[in-house]
Every structure is written in C-alpha cells, then in structure tokens.
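First up is the structure itself, then whatever we jot down about it.
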Amino acid sequence: MPELPEVETTRRGIAPHVTGQRIVRLVVREPRLRWPVPASLPDRLADRRIEEVSRRAKYLLLTVPPGTLILHLGMSGSLRLVPAVRTPARHDHLDLVLADGLCLRLTDPRRFGSVHWTEAPPADHPLLRGLGPEPLADAFDGDWLYTRSRHRRSAVKPFLMNAQNVVGVGNIYASEALHLAGIDPARAAGRIGRERYRELAAAIRTVLAAAIEAGGTTLRDFLASDGRPGYFRHHLRVYGRAGEPCPRCAAPIRLRVLGQRATYDCVRCQH
DNA sequence: AATCGCGCCTGACGGC
DNA sequence: TGCCGTCAGGCGCGAT
C-alpha cells in the first residue's frame with residue numbers, strides 16, 4: 001500500500017525515463033477509478049511534453065505544460081514503465097504512451113487511485129490545497145506538531161495520519177514512528193509535550209527516510225516502477241508483528257484497533 | 001471546529 | 001475442493 005516512501009520510490013524510478021519525453025497518447029481502458037478519469041484527458045495530453053516529475057504528499061505530479069497531471073495510487077496502485085506493445089493485464093487501467101516506445105502503465109486492482117488534470121498551480125487544486133507540511137521538509141518539526149495538537153483530544157496516531165497535520169504518514173509508518181519515539185499511539189495528541197513532539201518528528205523523518213532508502217514497503221502488492229518490491233518490510237519494528245518481542249525491550253508487541261485502524265505497539269516501552 | 005463513521009473495491013483468508 | 005462471508009486500507013465526505 002503506497003505511503004509516502006512508496007510514492008517517492010515510484011517518482012525516483014520513473015523520473016529519469018519520463019522527464020523530457022513527449023507523450024504520444026493516453027490510453028484509458030478503465031475510467032472508473034476513485035473519481036472518473038476525465039474524458040477530455042487524452043486530448044489534453046497528446047503530443048505534449050513531460051517537463052518534470054514531482055511529488056506532493058502521496059500525489060505524483062507530472063508537469064505537462066500548460067497543466068499538471070496529478071496521480072494518486074490509492075492503496076493498491078503502481079506505475080510501471082513497460083513496452084507500449086506489451087499486452088495489458090486485468091487491472092492495467094491506463095497507459096501514458098511515450099515517444100520512445102515505452103509507456104507508463106497504471107495498475108490498480110482496487111481502483112482507489114485517481115487521475116486529475118489541472119491547468120492552475122497544482123498547490124491550488126482542491127485535493128492539495130489543505131495539505132500539511134512535507135515530513136522531510138524544513139517546515140515540519142516538533143514545534144509544528146506541538147502547536148497543531150494543542151487541545152486535540154484524539155489519539156496521537158490518527159492525529160499523525162491526518163494529512164492536515166503532516167502528509168504522507170499512513171498506517172504503517174505511524175505505528176513505526178510512535179514506537180521509535182516511545183509514545184503510546186492511544187495517548188491524546190493534546191497531552192504530549194513539546195520535547196516529545198520533537199522526538200516524534202525526528203522519528204518520523206528517520207523512519208520515512210529509511211523506508212525510501214529501502215525502496216518502500218511491500219506488504220502485498222506494492223511494486224516499484226521496475227517491478228521490484230520494496231524491502232522495508234524487513235525493517236519494520238512493530239507493524240504486523242503482534243506477539244513478537246519488541247526490538248527494544250523484548251516485551252510482546254500488541255495489536256489494537258485505534259480509529260478503525262490496526263495499530264501495533266509495545267506494551268512496555270511506549271507511554 | 002473537531003471528530004466520527006461510511007463507502008469505494010479487490011484479493012486474501014478462514015470456516016465449513 | 002470450492003464456495004462464501006469478512007476484512008483491510010487511503011481518504012474524501014457527510015453527519016454529529
């Protein structure tokens with residue numbers, strides 16, 4: 001399931017191949033994604049050039065003057081570069097066919113992903129407008145989290161997963177970062193002090209950077225643009241490890257449901 | 001204003 | 001073996 005590291009892995013994988021390439025055409029085989037793929041999209045993209053591939057939160061942004069193609073991978077989506085002549089498989093919903101004979105192929109079994117086109121600055125798009133800071137950027141730190149969390153009564157884990165507070169921290173990395181920082185995921189966000197938020201912000205950066213380094217986390221279906229899985233799964237400290245010993249104190253890892261999400265923590269060393 | 005709960009969708013998995 | 005019910009999971013949205 002693509003979280004920020006998986007999307008960044010995808011961006012890094014495709015950028016060298018697609019940057020500067022001319023789009024021959026867009027082939028839409030299945031427009032029924034989370035939102036319908038705009039019918040006008042093929043006309044807008046044909047014969048245009050991809051200038052840049054960037055990322056905001058979990059959105060991939062392809063700069064294609066005069067606009068921007070915005071892609072979200074949902075939770076089962078992946079983008080791969082394949083020969084345009086390769087026969088598409090069942091969940092290969094669209095192909096961005098490039099001038100060099102390859103195509104960028106979007107595969108998404110659950111169809112929670114989406115594709116958007118905007119000719120305004122992408123930051124103004126309704127889906128991006130309200131997003132919080134990038135966790136790996138300077139604008140994100142413990143002081144920001146501390147300020148944002150005052151008087152919040154919700155648990156810190158769903159607080160972290162709220163993209164208005166910080167983007168890109170999904171279910172896996174929220175559990176991981178809270179373990180690294182020694183914070184109980186169920187603790188009220190408003191009852192955590194400034195210093196602990198500084199530790200938490202550092203833990204988020206550490207976990208995300210390490211996950212990007214490992215090529216993301218593959219649980220079931222995430223594949224990078226070259227078709228290889230991510231290897232961060234082997235580095236996960238608590239996620240998916242209920243009953244196993246905590247890597248820090250050896251007490252058992254617990255599985256709870258918090259905000260309707262599976263949440264893993266150590267019964268002893270997170271407070 | 002903050003928070004909760006729903007629904008989208010498929011594949012995996014467990015029970016029988 | 002095969003069928004069927006259940007569930008995860010990102011995230012926007014409507015309800016509270």
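Excluded from the calculations below are hydrogen atoms, water molecules and symmetry mates; all remaining heavy atoms, backbone and side chain alike, are included. Here is how names work: the chains are called A, B, and so on, in the same order as the sequence lines, proteins then strands, and each is numbered from 1.
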_Both R90(A) and P158(A) contact DNA chain B. Taking the nearest nucleotide for each, which residue is further toward the 5' end?_
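So the residue in question is P158(A).
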Is the number of heavy atoms from other residues, nucleotides or ligands under 6.0 Å of [X] [atom1] greater than 12?
X: R241(A); atom1: CZ; answer: yes
X: R150(A); atom1: CZ; answer: yes
X: H17(A); atom1: NE2; answer: no

Interatomic distance where [atom1] belongs to [X] and [atom2] belongs to [N] [whole Å]:
X: Q260(A); N: dC4(B); atom1: CD; atom2: P; value: 8 Å
X: N162(A); N: dC4(B); atom1: CG; atom2: C1'; value: 13 Å
X: L73(A); N: dG9(C); atom1: CG; atom2: P; value: 17 Å
X: H125(A); N: dC11(C); atom1: NE2; atom2: P; value: 14 Å
X: L33(A); N: dC11(C); atom1: CG; atom2: C1'; value: 15 Å
X: L71(A); N: dG10(C); atom1: CG; atom2: P; value: 19 Å
X: R111(A); N: dC9(B); atom1: CZ; atom2: P; value: 6 Å
X: F159(A); N: dT3(B); atom1: CZ; atom2: C1'; value: 13 Å

Any carboxylate oxygen within less than 4.0 angstrom of a Lys/Arg side-chain nitrogen, looking at [X] and [Y]?
X: R29(A); Y: D92(A); value: no
X: D184(A); Y: R256(A); value: yes
X: D143(A); Y: R194(A); value: yes

*Will you find, in the side chains of N165(A) and R148(A), an N or O donor that is under 3.5 Å from an N or O acceptor?*
yes
Given [X], which of [options] fulfils the side chain to side chain contact (heavy atoms under 4.5 Å, CB included) condition?
X: T118(A); options: I70(A), L69(A), D124(A), L61(A); answer: I70(A)
X: I212(A); options: R11(A), E6(A), E8(A); answer: E8(A)
X: I192(A); options: Y197(A), F159(A), Y146(A); answer: Y197(A)

*Please determine, for the side chain of P109(A), which listed nucleotide (dG10(C), dC9(B), dG11(B)) has the closest atom?*
dG11(B)
*Go through dG5(B), dG11(B), dC11(C) for me and flag the one nearest to the K58(A) side chain.*
dC11(C)
Check nucleotides 3-7 of chain C against the protein and report each pair of N or O atoms closer than 3.5 Å, with its distance, or say if there are none.
none

For nucleotides 12-16 of chain C, print each protein N/O atom paired with a nucleotide N/O atom at under 3.5 Å, atom names and distance only.
residue : atom : partner : partner atom : Å
dG12(C) : OP1  : Y59(A)  : OH           : 2.8
dG12(C) : O4'  : R34(A)  : NH2          : 3.1

_F112(A) over dC8(B), stacked by centroid distance under 5.5 Å, angle under 30°_ =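 Whether judged by distance or by angle, F112(A) passes, so it stacks on the base of dC8(B).
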*Return the angle between end axes of the helix from dA2(B)-dT16(C) to dC16(B)-dG2(C), with five pairs used per end and rounding to 10°.*
50°
*Residues V169(A), I204(A); criterion side-chain contact (heavy atoms from CB on, under 4.5 Å); working and verdict*: CA-CA 8 Å; V169(A) 181; I204(A) 290 168; 4.0 Å; yes
*Using a cut-off of strictly less than 4.0 Å between a heavy atom of the residue and any atom of DNA chain B, enumerate the qualifying residues of residues 142-156 of chain A by number.*
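The stretch gives R152(A), R153(A), S154(A) as the residues lying under 4.0 Å from the strand, ordered by number.
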_side-chain contact (heavy atoms from CB on, under 4.5 Å) against W35(A), all qualifying residues, sequence neighbours excluded_ =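 Residues passing side-chain contact (heavy atoms from CB on, under 4.5 Å) with W35(A): S114(A), H116(A), L127(A).
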*For K58(A), side chain to side chain donor-acceptor pair (under 3.5 Å) partners two or more places apart*: none
*Only one of H179(A), Q270(A), R254(A) forms a side-chain hydrogen bond (donor to acceptor under 3.5 Å, both in side chains) with D265(A), so which one is it?*
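Exactly one candidate clears the test, R254(A).
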_Under-3.5 Å donor-acceptor pair between R261(A) side chain and dG10(C) base_ =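 Side chain to base: pair present.
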